[in-house]
Amino acid sequence: MKRIFINIVVFSIVQTALGQATIKTMFYNVLNYPSAPPTNREEILETIIDSYEPDIFMICELETEAGGDEILNSSLNDDHTNYSSAPFLSNFSNSDVELHQLLYYNNQKFTLIQSQRLITTIRDINWYTLELISVDQTNNPIRIEVFVAHLKASQGATNETKRLNMVKEFTDNYANLDENDYVIFAGDFNVYSSNEPAYQELLDVNNKIIMADPINTPGNWTSNSTFEDIHTQSTRLSNNDFDDFGSGGGLDDRFDFILISENMINSTELSYIPNTYGSYGNNGNCYNQRIDDVDCTGVYDNALRDALYNMSDHLPVVMELQVDQQFLSTPDFVETPRTIQLNNGTIIEDHLSLQINNNSDFINFKIYNTLGQEIKSFSLKGNSVTEISVSELSNGLYYLIPTNIDNNVIKFLKRN
């Protein structure tokens, strides 16, 4: 027991020394998914996802629930099962619109608290509440209110007004939020400059919650080479090879955004990491070119840019956040497929759902509290799924340790 206690203490010290954890976010217009060509876009998206590994993945232009399931199972969980999806909500705002938004999240880092929608005249704005699965979750829960939108497309005063009206459905909803809430508003905004009313409404300093553009680059973004490093559309010169899906013209528009509430700029609890916001795949030298052009070389390699070209006419937007709590689960330290995993997440109420893979023998388990005291022991047969009652445990952090095989320590939070 002393040896295991020392291991727990060392493990805790390592986590404390790390101090802060990182959250990686990505928004992506996935272009009429899944009907737009080519036919293997779930594999193409897998390449893009694997290159960045977002913890929060927000999309628009999803056509069907089946398409959403395909992204979850084939693009995100192709080699592991760390991602979950929010419920698919059909567009309620306009029955003629068959394009939807959806959120996926790393279920080792987040729990989805709620999923709902704001009704507009064009498309729903989806609203999700995520809570961090952290060591200090019970005493100091951190939640992020995530809104995903797809504003009205095209130029002209009429369309600008429609975009503004959609955004007002979001800002009018501030009455349902606390002014100290952490908020993300992401999407395909279809705005052409920082002077557009919709963009100005989002950043209005008189709002209850003031949103901020992490890179703060005002100007006329469209057809302006000054902003070539932040353009997100179009990845293609023509849509002729894609059955007329999407737009052409090369990279010359900044349509895609991740905005954050102003309190995330300099908060010590949850904050934006400077210089992590970017147009993913844009090397800053591809103005009016297709993203896979041989001359657009740089940090993003040819293989990734080829995938981005074939996947969509938009580039993803990415951004990283820093949180001052350690996640309860630490998948970054897992180097081999886990033999043992929790099927019901790391926040437990009455029972552990343990799945054992790649081991046909009995495995002995012990549960320890944070003081290194043994609380419970049991044995399970390998290659099975078993429910273990922990209803008798007090609320708090525990360590599940297999004692006769080499496997990572599994942390879970008992909470009623």
Side-chain angles (χ1 to χ4, degrees), residues 22-29 52 54 56-60 101 103 125-127 144-153 155 160 163-174 177 179-233 251-267 270-282 284 314-322:
T22 299
I23 300 167
K24 301 174 74 174
T25 71
M26 174 184 279
F27 168 78
Y28 201 7
N29 180 327
Y52 186 72
I56 300 175
F57 181 48
M58 305 159 283
I59 65 170
C60 73
Q101 293 75 246
L103 174 138
I125 298 175
N126 293 65
W127 175 16
I144 306 176
E145 307 294 340
V146 181
F147 295 81
V148 187
H150 186 185
L151 304 185
K152 181 67 175 68
Q155 291 179 304
E160 288 186 11
R163 287 193 281 274
L164 173 62
N165 291 337
M166 291 183 72
V167 164
K168 283 185 174 179
E169 293 294 338
F170 165 65
T171 55
D172 287 347
N173 187 66
Y174 283 173
L177 295 171
E179 61 183 6
N180 296 315
D181 282 344
Y182 298 116
V183 180
I184 289 176
F185 189 83
D188 178 357
F189 292 179
N190 279 308
V191 294
Y192 292 82
S193 81
S194 60
N195 293 321
E196 277 215 23
Y199 184 81
Q200 289 295 315
E201 169 68 13
L202 288 167
L203 273 58
D204 190 338
V205 295
N206 296 311
N207 288 339
K208 175 182 177 181
I209 297 175
I210 303 172
M211 303 300 294
D213 188 337
I215 55 175
N216 189 25
T217 52
N220 295 313
W221 299 309
T222 292
S223 300
N224 187 340
S225 61
T226 302
F227 301 102
E228 64 180 352
D229 59 330
I230 62 173
H231 286 152
T232 63
Q233 205 253 14
L251 278 175
D252 58 6
D253 286 301
R254 185 196 183 193
F255 284 163
D256 305 272
F257 293 77
I258 302 176
L259 302 185
I260 56 177
S261 51
E262 195 174 54
N263 58 355
M264 295 166 68
I265 296 295
N266 52 17
S267 169
L270 178 67
S271 62
Y272 165 66
I273 301 177
N275 303 316
T276 61
Y277 187 104
S279 174
Y280 196 65
N282 185 346
H314 289 249
L315 291 177
V317 178
V318 297
M319 178 193 70
E320 295 182 21
L321 301 172
Q322 182 173 271

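Since this is a predicted model, take the numbers as computed values, not measurements.
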Distance flag, aromatic centroids of Tyr192 and Phe255, threshold under 6.0 Å:
yes
Test item: Asp256 side-chain N/O and Phe27 main-chain N/O as donor-acceptor pair under 3.5 Å:
no
Check: Asn266 main-chain N/O paired with Ser271 side-chain donor or acceptor under 3.5 Å
no
Nearest 0.5 Å, please: how far is CZ in Phe227 from CD1 in Ile215?
9.5 Å
Val183: side chain to side chain contact (heavy atoms under 4.5 Å, CB included) partners, not counting sequence neighbours:
Glu145, Phe147, Phe170, Leu177, Asp181, Ile209, Met211, Ser261
Counting the benzene-type ring for Trp, do Phe257 and Trp221 have ring centres under 6.0 Å apart?
yes
With a 4.5 Å heavy-atom cut-off, do Asp188 and Gln233 have their side chains touching?
no
With sequence neighbours excluded, give me every salt bridge (charged side-chain N to carboxylate O under 4.0 Å, His left out) pair touching residues 197-223.
Asp213-Arg254
Side chain to side chain contact (heavy atoms under 4.5 Å, CB included) assessment of Arg163 paired with Glu160:
CA-CA 5 Å; Arg163 287 193 281 274; Glu160 288 186 11; 3.5 Å; yes
Test of understanding: with ring-ring contact (aromatic ring centres under 6.0 Å, His included), list the residues that count as partners of Tyr182, not counting sequence neighbours.
none
Check whether any side-chain heavy atom of Asn29 lies under 4.5 Å from a side-chain heavy atom of Thr232, and answer yes or no.
no
Is it the case that atom NZ in Lys168 sees more than 12 heavy atoms from other parts of the structure closer than 6.0 Å?
no
As a quick check of understanding, evaluate side chain to side chain contact (heavy atoms under 4.5 Å, CB included) for Ile56 and Leu321, giving each step before the final call.
CA-CA 11 Å; Ile56 300 175; Leu321 301 172; 5.7 Å; no
If every non-hydrogen atom of Phe57 is compared with every non-hydrogen atom of Tyr28, which pair is closest and at what distance?
CE1-CB, 3.9 Å
Decide side chain to side chain contact (heavy atoms under 4.5 Å, CB included) for Thr226 and Thr217; before the verdict, give the C-alpha distance in whole Å, the side-chain angles of both, and the deciding distance to 0.1 Å.
CA-CA 10 Å; Thr226 302; Thr217 52; over 6 Å; no
Distance from Ile265 atom CD1 to Ile210 atom CD1, nearest 0.5 Å?
11.5 Å
Side-chain donor/acceptor of Tyr277 to backbone N/O of Tyr272, under 3.5 Å:
no
When rounded to the nearest 0.5 angstrom, what is the spacing between OG1 in Thr22 and CD in Gln322?
6.0 Å
Euclidean distance, Leu202 CG relative to Ser194 OG, rounded to 0.5 Å
12.5 Å
Show your working on side chain to side chain contact (heavy atoms under 4.5 Å, CB included) between Leu251 and Leu315 and close with a plain yes or no.
CA-CA 9 Å; Leu251 278 175; Leu315 291 177; 4.1 Å; yes
Would a distance-only check, ignoring hydrogens and angles, find a side-chain to backbone donor-acceptor pair under 3.5 Å from Tyr199 to Phe189?
no
Work out which heavy atom in Asn220 is nearest to a heavy atom in Ser193; give both atom names and the distance.
OD1-CB, 3.2 Å
Just verifying a value: how many Å separate Met264 CE and Ile273 CD1, rounded to the nearest 0.5 Å?
10.5 Å
Neighbour count >12 (heavy atoms, 6.0 Å) for atom CG, Asn275:
no
Starting at NE2 of His231, measure out to CG of Asn282 and round the result to the nearest 0.5 Å.
8.5 Å
